Amino acid sequence: MFKLRYTAVLVLIAAAAVAFFVWKTNTPDGRFAFKLGLDLSGGTHLVYNADTSSVPSGEVADSMNALQAVIERRVNAFGVGEPVVQTEQSGALGNGAYRLVVELPGVTDVNQAIAMIGQTPTLDFRLLKSGSDVSATNADGTVNPNSFEDTGLTGKYITSAALQFGNGSNSLQTPVVQVTFNSEGSQRFADITSKNVGRNLGIFLDGKLLSLPVIQEKIDNGSAIISGSFSAQQAKDLATNLNLGALPVPITLASTETIGATLGEQAVHAGVYAGLLGFLILAVFMIVWYRVPGIVAVVSLLIYCILMLALFKLIPVVLTAAGIAGFILSVGLAVDANVLIAERMKEELRDGKNAQEAIGAGFSRAWNAIRDSNIAHIIAAVILFWFGTSLIKGFALVFGLGVIISMLSAIVISRTFLLALGITTKTAVGRFLLRSGITN
């Protein structure tokens, strides 16, 4: 009994420490501030035109999907959660130009938003046509596109990029970037180099020729070297950008707009007020109907809420209206588990078992139902997260975390507190405190 009470005290102290962390870091611009989604905090709306003229018609849809994935990966790398990134095609029948629409929650500086997107390079490899001369370039550094033929090998096939110094006959002080392709890119690169030995393979970044090496032999190790007249910092920045994802198609900024929250601060306050009021009503019912088990359930729910709020700050989770709904729904599941446990305990007490036996048997009998129910909810959360859009993923993440933490609070914390209290059924008061209902 002493160990159980000692453990219960430690749990309370730990919960108080976590609650203090949540309260002290509750500043709008702090490192661990709550992050609100576009519907609650507003942000920036960007529209880009995508140039698909050089992409075969049968590959345009795949290229636009790859573009969307790259942009989502880039803005998330800058700590912008729950971005809305989608592609669309203009025209009444969807047969016009392709566009990329990006909405970044919490980013009100348009220039910052543009920098997140616009610095991603477009990398591609082109073969120099026989008899073509590239010694003369345009003022902007580009070359005549008619001098080269596309190979279909672009930055979307790159898995990693790293800064190195020196390559072959180059000085050891010359910065280069080594890129590694994925399996499909490695096969494409091997086919290109095996069929075009002796030809020049141009490496282009944003349409500008970086280097024009001669293919000496077939390269089947899935890596290539990018060299050019850039500094070590430029090469490092290039490697960083390529790791975040080179754009499969070029994009140009068409319009920008700073948008306000679709729901706003009032919705946040209304959601918090509704949640607190609902929790208070629920706590009163649990305490009145289930007595001591109800009090323990309320304490466990408070600890559960504290843990969830701390996770929202640490992960961090971007809170949208859908995410808040997922959190509230997971609270309901935690209550459901405590109700099952209390009812099973009541049945065991009616069978004549003492308090300790009833508590242990009640948790054991309720566990199967709680386990199966929560596994089903976790599976649903995983499916929603895997296949859903960014807003649905936010709901699924919060809901899934809530289900897992609610199981911990209902099974571990509630059980520890009930056993630590040491209530006995030898007295009428003890039996009354452990039973539920109005008269029994």
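These values consider heavy atoms only, across backbone and side chains, with no hydrogens, waters or symmetry-generated copies. In this text the structure is predicted, and so the values were computed from the model without any measurement.
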Shortest non-hydrogen contact between [X] and [Y], atoms and distance:
| X | Y | value |
| --- | --- | --- |
| A334 | L301 | CB-CD2, 3.4 Å |
| I341 | A410 | CD1-O, 3.5 Å |
| F363 | I411 | CE2-O, 3.7 Å |
| G326 | V398 | C-CG1, 4.0 Å |

Quick check: do [X] and [Y] have side-chain heavy atoms less than 4.5 Å from each other?
| X | Y | result |
| --- | --- | --- |
| L314 | F21 | yes |
| V317 | L311 | no |
| V339 | Y290 | yes |

| field | Residue list, side chain to side chain donor-acceptor pair (under 3.5 Å) with D191, at least two apart or on another chain | value |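 Scan of D191 (side chain to side chain donor-acceptor pair (under 3.5 Å), adjacent residues dropped) gives Q187.
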| Under the side chain to side chain donor-acceptor pair (under 3.5 Å) test, residues paired with S300 that sit two or more places apart | S414
Would you mind writing out the side-chain donor-acceptor pairs for residues 372-388 within the sub-3.5 Å range, not counting sequence neighbours?
{"from": "N374", "atom 1": "ND2", "to": "I370", "atom 2": "O", "distance (Å)": "2.7"}
{"from": "H377", "atom 1": "ND1", "to": "S373", "atom 2": "O", "distance (Å)": "2.9"}

| said: Any salt bridge linking K129 with E149? Criterion: basic side-chain nitrogen under 4.0 Å from a carboxylate oxygen. | reply: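 Salt bridge absent between K129 and E149.
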| field | Distance (rounded to the nearest 0.5 Å) between I303 CD1 and L12 CG | value |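 The CD1 atom of I303 sits 5.5 Å away from the CG atom of L12.
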Hey, can you pull the donor-acceptor pairs under 3.5 Å for the side chains in residues 61-69, sequence neighbours left out?
{"from": "S63", "atom 1": "OG", "to": "E59", "atom 2": "O", "distance (Å)": "2.9"}
{"from": "N65", "atom 1": "ND2", "to": "A61", "atom 2": "O", "distance (Å)": "3.3"}
{"from": "Q68", "atom 1": "NE2", "to": "V85", "atom 2": "O", "distance (Å)": "2.8"}

| request: Write out all pairs satisfying salt bridge (Lys or Arg N to Asp or Glu O under 4.0 Å) with one or both partners inside residues 322-345, taking only residues at least two apart or from two chains. | output: E343-K346, R344-E347
If you look only at distance, which donor and acceptor atoms sit under 3.5 Å apart when one is on a side chain in residues 215-222 and the other is two or more places apart or in another chain?
{"from": "N221", "atom 1": "OD1", "to": "S223", "atom 2": "N", "distance (Å)": "3.3"}
{"from": "N221", "atom 1": "OD1", "to": "S223", "atom 2": "OG", "distance (Å)": "3.3"}
{"from": "N221", "atom 1": "ND2", "to": "S223", "atom 2": "OG", "distance (Å)": "3.4"}

| said: I'd like to know if the side chain of R188 and the backbone of G152 have a donor-acceptor N/O pair within less than 3.5 Å. | reply: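 Looks like yes, one N/O pair under 3.5 Å.
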| request: Give the C-alpha distance, both sets of side-chain angles, the deciding distance and a yes or no for ring pair (Phe, Tyr, Trp, His ring centres under 6.0 Å) between F181 and Y157. | output: CA-CA 5 Å; F181 299 102; Y157 298 105; 7.8 Å; no
| What class does the angle between the rings of F20 and W23 fall in, given that below 30° is parallel, 30 to 60° is tilted and above 60° is perpendicular? |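 Because their plane-to-plane angle lies in the 30° to 60° range, the rings of F20 and W23 count as tilted.
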| said: Can you confirm whether more than 12 heavy atoms, excluding those of K195, are under 6.0 Å from its NZ atom? | reply: no
| So F399 and F327, ring pair (Phe, Tyr, Trp, His ring centres under 6.0 Å) or not? Walk me through it. | CA-CA 6 Å; F399 180 62; F327 175 45; over 10 Å; no
